[in-house]
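Just below is one structure, and these are the notes that go with it.
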Protein chains: 2
Amino acid sequence: MSENIVQKLRDQIENGIFSGTLPAGKRLDETQLASQFGVSRTPVREALMQLSAIGLIEIRPRRGAIVAEPAPHRVYEMFEVMAELEAMAGAHASRRHTQADRTALLAAHEDCARSAQTADADAYYYANESFHAAIYDASHNGFLQEQCLALHRRLRPYRRLQLRVRNRMENSLAEHDRIVKAILDGSADEAAAALRAHIAVQGDRFSDLIAQIAAGRSGVPA
Amino acid sequence: MSENIVQKLRDQIENGIFSGTLPAGKRLDETQLASQFGVSRTPVREALMQLSAIGLIEIRPRRGAIVAEPAPHRVYEMFEVMAELEAMAGAHASRRHTQADRTALLAAHEDCARSAQTADADAYYYANESFHAAIYDASHNGFLQEQCLALHRRLRPYRRLQLRVRNRMENSLAEHDRIVKAILDGSADEAAAALRAHIAVQGDRFSDLIAQIAAGRSGVPA
DNA sequence: GTCAACATTCTTGTATACAAGAAATCGAAC
DNA sequence: GTTCGATTTCTTGTATACAAGAATGTTGAC
């Protein structure tokens with residue numbers, strides 16, 4: 001029961017950030033959070049520090065914590081790194097996968113296909129997470145797996161926006177197909193290239209989105 | 001002056017870990033550390049949590065913190081990831097470097113050469129850090145730079161052991177030469193390959209070292 | 001003599017009190 | 001009317017007190 005208070009707080013605040021209840025730039029008052037969750041400031045501070053370590057919030061000395069608001073170009077940089085890490089995971093997976101890995105990867109892939117067929121964006125979203133997790137798993141590099149999961153998680157809110165884009169699900173599924181084939185074939189370079197492209201396109205789409213928003217803002221008078 | 005207490009504690013403990021004063025597996029008693037540094041337990045706890053976030057120590061609920069003792073294969077995994085991140089940084093650097101980047105990279109390279117000539121392992125060690133930092137810098141991807149610096153730092157104690165190995169400095173310098181040429185030439189693939197090899201060899205050497213120690217331990221009766 | 005259970009002690013986890021720095025507001029002077 | 005400064009208030013940073021769980025040692029029974 002102990003120490004889970006911090007964990008719980010961390011998750012709650014994190015959810016608040018992902019769900020938009022706590023928008024970027026929002027100030028996080030320790031006292032207020034403490035009374036809101038019915039605990040003292042101590043565990044709140046610890047939770048905030050953990051979130052700060054992940055990069056989700058920013059703690060400015062003596063000036064409190066705010067929800068981090070990474071500049072768009074920073075998010076793009078993160079997608080660049082993510083692409084490379086995924087490519088690496090794919091390359092290793094293609095060389096090291098076991099029979100169990102094959103099974104898991106194919107199962108996740110079929111889940112994605114099902115969700116795409118019914119055009120269920122939410123279901124696709126979760127199936128997609130499992131798909132990528134299966135690749136990390138098959139890389140048989142525990143550290144790489146951790147890094148990928150952490151970054152994947154951190155980019156979640158930016159990826160989520162993108163499934164709305166027209167045909168994104170179909171395209172994504174086609175890309176998955178190429179990835180699966182390469183991994184099961186043991187073609188490390190092809191797997192890496194396919195994954196690199198699969199992720200890079202998300203960074204590009206994110207950039208487009210930002211550009212659109214910027215254009216919309218400056219073009220249309222408020 | 002405030003908040004630096006935590007920073008200071010973090011650095012002190014970190015130094016203790018790197019220097020071996022706090023060996024892996026050592027239990028870190030909050031009360032003891034607090035009285036040792038003349039502060040209360042609160043900032044000590046915060047420092048420990050930060051170190052835990054980096055992965056340098058491990059906090060077991062209700063059972064205190066111990067200096068992390070990553071399994072050798074985990075360290076090897078970390079070198080694998082480091083190799084890929086450095087390769088990525090090198091590739092980007094070769095495409096994006098500015099005149100200032102060239103200058104900085106060459107200066108760091110020459111520093112390394114000087115240290116190697118005088119066979120000054122410590123000096124080489126620091127020059128080498130600057131050399132790699134210059135590459136991260138030239139990648140013009142701030143997030144990648146942060147990730148590289150963090151991992152580089154975390155692998156520091158394992159890298160440090162290796163300069164003692166015969167001819168390691170000369171070989172390292174030759175590898176640096178290849179890397180510099182590739183980056184300044186704008187040959188992204190060659191830069192990536194050179195850096196990947198440069199780091200991978202360290203992982204291999206680490207493995208050899210572990211194997212040697214294991215063999216020595218089981219071979220020679222205590 | 002050994003094993004198990006209970007009690008004691010030690011350490012962590014949480015709450016609260018206190019101190020110090022930052023921000024905001026109010027007032028005065030230009 | 002605006003700007004600069006001081007005071008007050010609010011929030012964070014640190015210390016300490018208290019509670020709860022884990023580890024260890026002792027005692028008793030088999």
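Numbers restart at 1 for each chain; the letters A, B, ... are given by sequence-line order, proteins then strands. Keep in mind that this is a model prediction, so the values were computed, not measured.
- Computed from C1' positions of five pairs at each end, the angle between the two local axes of the helix from C/dG1-D/dC30 to C/dC30-D/dG1 equals 10°, rounded to 10 degrees.
- Of the residues B/I54, B/N15, B/L56, B/L48, the one that meets the side-chain contact (heavy atoms from CB on, under 4.5 Å) test with B/R10 is B/I54.
- With sequence neighbours excluded, the residues that form a side-chain contact (heavy atoms from CB on, under 4.5 Å) with B/D29 are B/T31, B/Q32.
- For the side chain to side chain donor-acceptor pair (under 3.5 Å) test, residues two or more places apart in sequence or in another chain that qualify with A/R196 are A/E84.
- A/R62 has its CZ atom 5 Å from the C1' atom of C/dG21, to the nearest Å.
- One atom, CD1 of A/I66, and another, C1' of D/dT11, lie 15 Å apart when rounded to the nearest Å.
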Can you give me the N/O atom pairs linking the protein to nucleotides 16-18 of chain C at distances under 3.5 Å, or say none if there are none?
{"from": "C/dT16", "atom 1": "O4", "to": "A/T42", "atom 2": "OG1", "distance (Å)": "3.4"}

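- Checked against C/dT12, D/dT14, D/dG13, the side chain of A/E30 finds its nearest nucleotide in D/dG13.
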Query raised in the report: Run the salt bridge (charged side-chain N to carboxylate O under 4.0 Å, His left out) check on A/E110 and A/R114 step by step: do they pass?
Result: CA-CA 6 Å; A/E110 276 158 30; A/R114 253 192 301 280; 5.2 Å; no

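- Residues that satisfy the side-chain contact (heavy atoms from CB on, under 4.5 Å) test with B/S115, not counting sequence neighbours, are B/A123, B/Y124, B/A127.
- If you measure from atom CD1 of B/I59 to atom C1' of C/dT11, you get 14 Å, rounded to the nearest angstrom.
- Residues forming a side chain to side chain donor-acceptor pair (under 3.5 Å) with A/S130 (at least two apart in sequence, or on another chain): none.
- Sorted by first and then second residue, the salt bridge (charged side-chain N to carboxylate O under 4.0 Å, His left out) pairs involving residues 31-42 of chain A (not counting sequence neighbours) are A/E30-A/R41.
- Taking atom CG of residue B/L9 and atom P of nucleotide D/dG13, one finds them 15 Å apart after rounding to whole Å.
- For the pair A/R63 and A/P43, nearest-nucleotide mapping onto DNA chain C gives the more 5' position to A/P43.
- Heavy atoms of B/L48 sit nowhere under 4.0 angstrom from any nucleic acid atom.
- For the ring pair (Phe, Tyr, Trp, His ring centres under 6.0 Å) test, residues two or more places apart in sequence or in another chain that qualify with A/H152 are A/H132.
- Atom CZ in A/R45 sits roughly 6 Å away from atom C1' in D/dT12 (whole-Å rounding).
- What separates CZ of B/R60 from C1' of D/dA22 is a distance of 11 Å, to the nearest Å.
- Contacts classified as ring pair (Phe, Tyr, Trp, His ring centres under 6.0 Å) and involving residues 64-112 of chain A (residues at least two apart or in different chains) are given here: A/H109-A/F131.
- The distance from atom CG of B/D29 to atom P of D/dA22 is 17 Å, rounded to the nearest whole Å.
- Regarding B/I57, its CD1 atom lies at a distance of 11 Å from the P atom of C/dT12, rounded to whole Å.
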